[in-house]
Amino acid sequence: MGDATVPVPLSVLDLATVGSGTTAGAALRTSVELARLAEARGFHRFWVAEHHSMPGVASSSPAVILAHLAAYTERIRLGSGGVMLPNHAPLAIAEQFGTLEALAPGRVDLGLGRAPGTDGATAAALRRSDRLRETADDFPQQLAELTRFLDDDFPDGHPYARIHAVPGPVQGSVPGGVQSADRPAVWLLGSSGFSARLAGELGLPFAFAHHFSAVNTVPALDLYRESFRPSAALAEPYALIGVSAFAADEEKDAYRQVLTGALGMLRLRTGRPGLTPSPEEAAAYDFSPVERDFVDSWLANVAYGTPDAVRDHLDGLLKRTGADELMLTANAHTPAARLRSYELIADVYGLPARA
């Protein structure tokens with residue numbers, strides 16, 4: 001199992017899953033454990049995602065979680081997968097991620113999404129507006145404004161020309177100031193063609209949510225590459241895909257865990273969000289034929305089973321998509337099993353052993 005080599009960088013997307021019988025605090029402590037494991041085993045980056053009004057997901061505040069993780073790690077890149085920009089003022093995000101960059105210089109990714117990360121009513125409460133469609137359609141303008149704040153380069157005469165995101169470049173232009181060498185790396189996230197095209201046109205790296213929009217993966221990546229224009233940030237296209245992956249020593253144990261995530265997703269999609277159910281609850285659940293079809297369809301896009309089976313699934317996905325990086329997420333109930341899954345995947349790909 002240790003003879004294999006990793007074909008592309010492997011990374012981690014953590015949802016801070018809150019399982020039945022546990023707490024958000026325990027879930028966030030598991031996130032710290034997982035980030036330290038990922039760093040020790042040579043995973044490339046560790047992202048958390050913005051979700052709201054979902055009892056089973058404790059990642060409503062990515063910047064807060066990332067600041068905590070920065071204190072427990074030294075090398076691994078940390079980032080958002082993503083921050084849902086329409087929920088926030090661009091200046092606020094520039095300040096939050098400028099602060100993260102000051103805390104963890106040279107290893108902060110600012111992944112940005114256009115979706116709300118929740119239902120419409122919650123999005124309206126976050127934004128203090130019910131103009132959700134118009135706000136989402138303003139995404140390119142919001143992104144441009146955020147980028148101007150990050151670079152501190154609004155043109156003369158702009159209403160924001162004298163406003164500065166701090167921490168940020170302005171601190172290098174005042175008397176006695178020293179400019180930081182880095183700023184957060186901006187990524188665009190998506191599950192359809194909109195962000196794929198925009199990322200290409202702006203010359204930004206692109207992360208696609210294959211784990212919940214598998215049918216759109218290849219078309220979106222093709223559109224990204226066709227649209228790509230070199231930029232100061234990136235000379236060539238760079239595409240990452242998020243993939244659900246779960247390894248265990250035996251296939252039946254992996255299935256027990258991924259079924260908990262599938263049942264949790266079924267409940268979310270049918271308006272019944274809750275904590276991620278335990279393996280026992282998922283095994284005992286009486287699925288209707290329609291529910292069983294949903295679960296089977298969902299699990300068809302999850303790489304699960306023994307480590308060799310997971311590797312085969314991921315290698316096949318790489319061949320189909322040509323992705324430059326795989327970001328693995330393990331949406332399942334049991335923390336010890338999730339940590340073990342990442343260890344097994346690291347082993348099967350020959351990633352470095354813990355020091």
Report the distance from atom [atom1] of [X] to atom [atom2] of [Y], rounding to the nearest 0.5 Å.
X      : Y      : atom1 : atom2 : value
His211 : Leu15  : NE2   : CG    : 6.5 Å
Phe208 : Leu240 : CZ    : CG    : 12.0 Å
Asp109 : Leu100 : CG    : CG    : 11.0 Å
Leu318 : His313 : CG    : NE2   : 10.0 Å
Ile163 : His158 : CD1   : NE2   : 9.0 Å
Arg340 : Leu37  : CZ    : CG    : 11.0 Å

Below 4.5 Å, heavy atoms only, C-beta onward: do [X] and [Y] meet side chain to side chain?
X      : Y      : value
Leu110 : Leu146 : yes
Phe194 : Pro140 : yes
Val64  : His68  : no
Leu328 : Val243 : yes
Thr321 : Val218 : yes
Glu281 : Thr260 : no
Tyr224 : Pro237 : yes

Determine whether [X] and [Y] fall in the same hydrophobic cluster, where Ile, Leu, Val, Met, Phe, Trp and Tyr are linked whenever their side-chain heavy atoms lie under 4.5 Å apart.
X      : Y      : result
Tyr72  : Leu66  : yes
Met54  : Leu275 : no
Val6   : Phe46  : yes
Leu339 : Leu69  : yes
Met327 : Leu221 : yes

Requested in this report: Take Val83 and Phe97, measure what side-chain contact (heavy atoms from CB on, under 4.5 Å) needs, and give me the verdict at the end.
Outcome: CA-CA 10 Å; Val83 162; Phe97 278 76; 3.7 Å; yes
Query raised in the report: Considering the options Asp14, Asn331, Thr30, which one meets the side chain to side chain donor-acceptor pair (under 3.5 Å) requirement together with Arg338?
Result: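 In the set Asp14, Asn331, Thr30, the residue that makes a side chain to side chain donor-acceptor pair (under 3.5 Å) with Arg338 is Asp14.
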Query raised in the report: Looking at Thr276, Val57, Thr334, which hits side-chain contact (heavy atoms from CB on, under 4.5 Å) with Thr17?
Result: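 Among Thr276, Val57, Thr334, the one that satisfies the side-chain contact (heavy atoms from CB on, under 4.5 Å) with Thr17 is Thr276.
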Considering all heavy atoms, the nearest [X]-[Y] contact:
X      : Y      : value
Leu263 : Pro277 : CD2-CG, 3.7 Å
Phe228 : Gly203 : CE1-CA, 3.5 Å
Ser20  : His333 : O-NE2, 3.0 Å
Leu10  : Tyr349 : CD1-CD1, 3.6 Å
Glu101 : Asp182 : OE2-CB, 3.2 Å
Gly82  : Leu189 : N-CD2, 3.2 Å

Atom [atom1] of [X]: over 12 foreign heavy atoms under 6.0 Å:
X      : atom1 : value
Arg77  : CZ    : yes
Arg225 : CZ    : yes
Arg75  : CZ    : yes
Glu280 : CD    : yes

Query raised in the report: Given Ile241 and Leu317, is the side-chain contact (heavy atoms from CB on, under 4.5 Å) satisfied, shown in steps?
Result: CA-CA 10 Å; Ile241 57 175; Leu317 186 60; 3.7 Å; yes
Report task. Check the pair Phe212 / Ser191 against side-chain contact (heavy atoms from CB on, under 4.5 Å), numbers first and verdict last. Result -> CA-CA 8 Å; Phe212 62 79; Ser191 58; 3.8 Å; yes
Please check this pair: side chain of [X] against backbone of [Y], looking for a donor-acceptor N/O pair closer than 3.5 Å.
X      : Y      : value
Ser341 : Ala337 : no
Ser213 : Ala209 : no
His164 : Val166 : no
Ser59  : Ala49  : yes
Arg148 : Asp153 : yes
Tyr304 : Gln257 : no
Thr329 : Leu13  : yes
Thr147 : Leu143 : yes

[X]-[Y] side chain donor-acceptor pair, cut-off 3.5 Å:
X      : Y      : answer
Tyr238 : Glu325 : yes
Glu291 : Tyr285 : yes
Arg320 : Thr217 : no
Ser80  : Glu50  : no

Requested in this report: Check whether NZ of the Lys or CZ of the Arg Arg292 lies under 6.0 Å from the centre of the six-membered ring of Phe287 and within 45 degrees of that ring's axis.
Outcome: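 Relative to the ring axis of Phe287, which defines the angle, Arg292 lies inside both limits.
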Report task. Would you sort out whether Tyr160 and Phe149 count as a ring pair (Phe, Tyr, Trp, His ring centres under 6.0 Å), showing the intermediate values? Result -> CA-CA 9 Å; Tyr160 297 161; Phe149 278 124; 5.7 Å; yes
Query - Stepwise side-chain contact (heavy atoms from CB on, under 4.5 Å) test for Phe154 and Arg162 - result: CA-CA 8 Å; Phe154 283 102; Arg162 299 183 66 182; over 6 Å; no
Report task. Kindly state whether the ring of Tyr255 and the ring of Phe246 have centres lying under 6.0 angstrom apart. Result ->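 Centroid separation for Tyr255 and Phe246: 6.0 Å or greater.
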Query raised in the report: Under a 4.0 Å N-O cut-off, is there an ion pair linking Glu343 with Arg41?
Result: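 Yes, this pair counts.
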